[in-house]
Structure formats: C-alpha cells, structure tokens
Amino acid sequence: MSTSGQPQFRYTQTPSKVLHLRNLPWECIEEELIELCKPFGKIVNTKCNVGANRNQAFVEFADLNQAISMVSYYASSSEPAQVRGKTVYIQYSNRHEIVNNKSPGDVPGNVLLVTIEGVEVGDVSIDVIHLVFSAFGFVHKIATFEKAAGFQALIQFSDAETASAARNALNERSIPRYLLPEHVNSCHLRISYSAHTDLNIKFQSHRSRDYTNPYLPVNPTAIEGVVQPALGPDGKRKEPESNVLLASIENMQYAVNVDVLHTVFSAFGTVQKIAIFEKNGQTQALVQYPDVSIAAVAREALEGHCIYDGGYCKLHLSYSRHTDLNVKAYSDKSRDYTIPDASLLASQVSGLPGAPAVWQNPRPGPIYAGNDYNTGGSVPAQYPSRQMAPWDASMQAGRAPFGSVPSTYPGQNFAVATSQIPSAVSSMGFSSGFPPNVRPGGASSSSQLQPGIPPNVRPSGGPPPGHPTYYGQ
DNA sequence: AGCACA
C-alpha cells in the first residue's frame with residue numbers, strides 16, 4: 001500500500017503500452033487517434049472522450065516499444081502531436097491495458113444502429129432514412145423497429161469504413177427539416193455500431209428494405225402500412241390515391257356483408273363495385289367509386305371508425321392499387337352495381353315517386369321488401385343532397401341514427417342480447433367527410449358527431465323509442 | 001493540460 005498507487009508525474013512515469021492523450025479536440029473520434037498513433041505501431045485498443053471535457057483519450061499499442069517510440073518521438077520533436085490543429089499531450093498511462101474500452105456499440109462494423117430521437121412512429125420513413133444514409137455509400141439493407149429507446153433503424157453498408165463515415169458525419173446530428181413532416185421539431189440521430197454484419201430482411205415493407213434484392217416479395221401482411229402510410233421525401237403521404245379503397249375490418253364480431261358495406265360507403269357517393277375476401281384471417285373488402293375524390297372523402301371520413309358500437313368491425317382504409325374491380329355481379333362476396341339487373345331494378349323502386357332511375361342503384365334492397373326497412377333511417381338521411389338515397393322510400397329524415405343494418409337482413413342471426421346490439425352503421429363516419437351543406441334532418445342531428453368524437457357513441461344508449469327491436473330476443 | 005472502467 002505504501003508504495004503502490006502513488007501518482008506518477010511527468011518524466012517519472014514508467015512506460016506502458018497504453019498512452020494517455022490530453023488536450024484533444026472535443027469528441028475526438030477513434031479514427032483521429034489511430035491516424036495520429038499508427039505510424040508508431042499497431043493499435044489494439046482505444047478509449048475516446050474521456051474526462052469531464054471528453055477531450056482525453058487512451059491508446060493501447062500492441063507492443064510496449066511502439067508506445068515508447070511514440071513518446072520518445074514527440075519528446076524530441078519540434079512539431080508537437082496534433083489533432084485538428086490542436087496540440088496533443090502524450091504520456092504513458094499509469095495503467096497497462098485498456099479495460100472495458102468499448103461498449104459493444106462502439107465496435108466498428110458495417111451495420112449501424114441508429115436511434116432517431118424526438119419523432120413519432122411514421123414521422124421518418126424508411127425512404128428518408130435511405131436517402132440520408134445513401135450519401136455515404138450504397139445502403140444494402142434497412143430494418144426499422146420500435147424499442148424502448150425509441151424509433152430505431154439498422155442500416156447495413158458494404159463495409160465498416162463506409163459505416164463509420166456515415167456515423168461520424170451524422171451522429172448527434174439531425175435529419176434535415178425539409179425531409180421531415182412539419183410537426184417534427186427535432187430529430188436527433190444517435191448512432192452506434194450494431195453487432196450484426198448482415199441483416200436478414202424477409203420482405204420489402206414499410207419497415208424493412210433490402211436494396212440488394214429488388215425481387216424480394218412485398219410484405220403480404222403489411223397492414224400496418226395502411227395505418228401508417230410511408231412518407232415520401234417531402235414528408236407527405238406518398239401512398240398513391242385510387243378510386244378503389246381497400247378496407248380492412250378489424251374486430252369483426254358481427255357479420256359484415258356486401259350490403260352493410262354498401263350502406264356505409266354509399267354515404268359518400270356511388271359505390272360501383274364491392275368485393276369481400278379473406279386475407280391472413282382478416283376480412284378485407286375492396287370498394288370501388290367512380291373517382292378518386294369520392295374515395296378520398298370516404299377514406300378520410302371512415303378511417304378508424306367502427307361499423308358497430310363497441311369497437312366492432314373497425315375499418316382501416318387505404319387506397320388499393322386497383323382501379324377497376326373484376327367481380328361477380330351478384331354473389332355473397334361481391335357486387336357489381338354498375339350492371340343493370342332488370343329484375344333487381346324492377347323490384348327496386350317500384351312505386352316510388354321519383355324513382356332514381358338515373359341513380360342507378362344498386363342496392364338490391366327491395367329484394368327484402370316487406371322487411372322492416374325503416375330501421376336504416378339516418379344513413380340515407382345524411383346522404384349528400386346531390387345524391388338520392390336508394391332506399392328513399394322507407395327512409396325518414398330526422399330519425400335517430402340507430403338504424404340497425406343487420407336487422408334488415410333477416411337471414412342473419414343477430415340473436416344477441418339487446419344490450420349488445422350494435423348500434424349502427426348509420427352513425428359512423430360523418431365527423432369530417434360530410435359535405436358541409438348537407439344537414440341531416442331533425443332529430444338525427446343529435447347524433448351528429450364532431451370531429452374527434454368517436455362515431456358510435458349512442459346519444460341515448462338504446463334503440464329509438466317507437467322502434468321495435470329488430471333483433472332476435 | 002494531468003488518467004477511464006462499474
């Protein structure tokens with residue numbers, strides 16, 4: 001104890017493979033140390049950013065003589081050791097090896113782990129990340145994911161040199177604002193090295209890319225991509241618009257058939273075709289409008305809304321790549337409302353004044369003539385005025401929107417307790433997509449929803465007075 | 001400008 005652990009001072013230090021460097025520029029990086037020291041021997045370890053000012057470092061040579069040669073050289077040199085123009089003071093360290101030199105993230109490799117701070121999921125698209133990091137070399141692969149640390153991305157370069165060039169340039173910096181959505185204020189990149197050398201990308205998707213393999217299949221279950229469309233370099237949604245919407249129906253506790261979907265989507269314009277199908281165990285539907293603008297309004301209005309109360313049959317909408325569906329004109333999974341069906345049309349509007357001949361409707365509703373159609377009340381009531389609701393006859397403006405779509409289809413068994421009865425298609429979706437000049441009549445306005453208010457909250461919690469319960473008891 | 005790490 002008495003002789004060990006004594007501080008050692010200039011000129012009295014015993015040589016060590018480890019050199020202590022002081023007065024380094026702030027956040028001096030390993031590459032700069034190596035550049036300075038490698039003329040004297042093989043560097044086996046470094047420790048950067050030591051000390052309160054993070055301006056000290058340690059360098060460990062493979063051999064003691066190499067360290068000695070460096071100290072000796074600068075002891076007698078007229079030119080001091082320099083990094084970025086700053087004089088660096090070099091001495092033997094009082095330790096003989098660098099221990100715990102690096103956290104794993106400091107071990108250079110060809111794959112970077114990038115933590116993007118201060119952003120929400122979806123604010124920074126994989127395309128923006130690709131753009132930013134491609135400035136340093138070919139980006140082979142990107143995988144993004146959510147961790148406790150935040151939004152992270154693994155970015156694979158060809159080699160560690162390219163990766164470290166990107167890291168040195170971008171670490172602790174921010175992605176340029178013009179590449180980000182407007183609401184993003186800060187976007188700090190914290191970059192370390194990943195232990196990975198080759199990422200295993202299974203699909204091209206909104207969260208992972210393999211730029212070396214353009215034939216890699218697109219993720220078939222990229223449903224989340226629907227909820228969070230990728231952002232283009234301009235920060236705007238780049239999902240191409242279409243007149244055909246793809247609806248994914250989540251939590252489908254109740255049957256959703258073609259007619260229900262027709263009722264829901266007709267509120268925004270003519271529905272031309274509908275196709276329902278199963279994908280990965282989830283029901284999806286394609287709904288075709290005549291043009292993109294109607295589809296856009298419907299998408300905006302219906303996205304995230306539930307067809308029925310209680311979070312049942314929640315809709316997620318995206319634009320389909322299709323523009324014209326090829327569907328069976330009339331099946332239980334599809335409908336083509338553009339094909340005039342004599343028998344349907346004949347029965348459809350018989351006896352109706354002002355029968356909407358022009359408004360080629362579609363709805364095979366009258367097939368169910370005799371069933372209580374009154375229940376559907378408020379959906380038609382909220383039709384944009386330029387359109388004529390197909391089932392005008394039975395519709396009464398002003399009714400509360402508790403129409404129970406399922407009830408109109410007696411073939412279906414909705415024998416559930418009344419308290420569990422889903423309230424209705426009718427009350428959904430009108431929070432924003434509605435033409436402003438259209439005022440639903442009378443009492444139904446009580447159910448008009450303000451933006452931000454969940455669509456299916458029943459104003460009074462039960463079927464409207466005077467309406468029979470249409471469900472099996 | 002004077003010695004880290006856990």
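The analysis underlying the following values was restricted to heavy atoms, covering all of them including side chains, and did not include hydrogens, waters or symmetry mates. Per chain, numbering begins at 1; letters A, B, ... match sequence-line order. In this text the structure is predicted, and so the values were computed from the model without any measurement.
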When the ring centroid of A:Phe157 is compared with that of A:Phe136, is the distance short of 6.0 Å? no
Would you kindly give the NZ-to-P distance between A:Lys47 and B:dA6, to the nearest whole Å? 7 Å
First encountered from the 5' end of DNA chain B, between A:Asn23 and A:His96: A:Asn23
Would you mind reading off the distance between A:Tyr92 atom OH and B:dC3 atom C1', rounded to a whole angstrom? 16 Å
Of the candidate nucleotides B:dC3, B:dA4, B:dA1, which contains the atom at the shortest distance from the side chain of A:His20? B:dC3
Proximal nucleotide (of B:dG2, B:dA1, B:dA4) relative to the A:Tyr89 side chain: B:dA1
Specify the separation, in whole Å, of atom CD1 of A:Ile90 and atom P of B:dC3. 16 Å
Might you confirm whether atom CZ of A:Arg321 has over 12 heavy atoms from other residues, nucleotides or ligands at distances under 6.0 Å? no
Of all the choices, B:dG2, B:dA4, B:dA1, which nucleotide is nearest to the side chain of A:Gln91 once you look at every atom? B:dG2
Taking atom P of B:dA6 as reference, at what distance in whole Å does atom CD1 of A:Ile98 sit? 13 Å
Nearest to side-chain heavy atoms of A:Gln13, which nucleotide of B:dG2, B:dC3, B:dA4: B:dC3
Please state how far atom CG in A:Asn45 lies from atom P in B:dA4, giving the value in whole angstrom units. 16 Å
Tell me whether A:Glu117 at atom CD has more than 12 heavy atoms from other residues, nucleotides or ligands lying less than 6.0 Å away. yes
Separation of A:Phe58 atom CZ from B:dC3 atom P, in whole Å? 8 Å
From CG of A:Leu24 over to P of B:dG2, roughly how many Å is that when rounded to an integer? 12 Å
Who pairs with A:Phe138 by ring pair (Phe, Tyr, Trp, His ring centres under 6.0 Å), at least two apart in sequence or on another chain? A:His140
Pairs meeting criterion salt bridge (Lys or Arg N to Asp or Glu O under 4.0 Å) with involvement of residues 58-75 of chain A, two or more places apart: none
Euclidean distance, atom CG of residue A:Leu21 to atom P of B:dA1 [Å, nearest integer]: 15 Å
For A:Glu60, answer base if it contacts any base atom (sugar-phosphate contacts may also be present), sugar-phosphate if it contacts only those atoms, and nothing otherwise; contact means non-hydrogen atoms under 4.0 Å. nothing
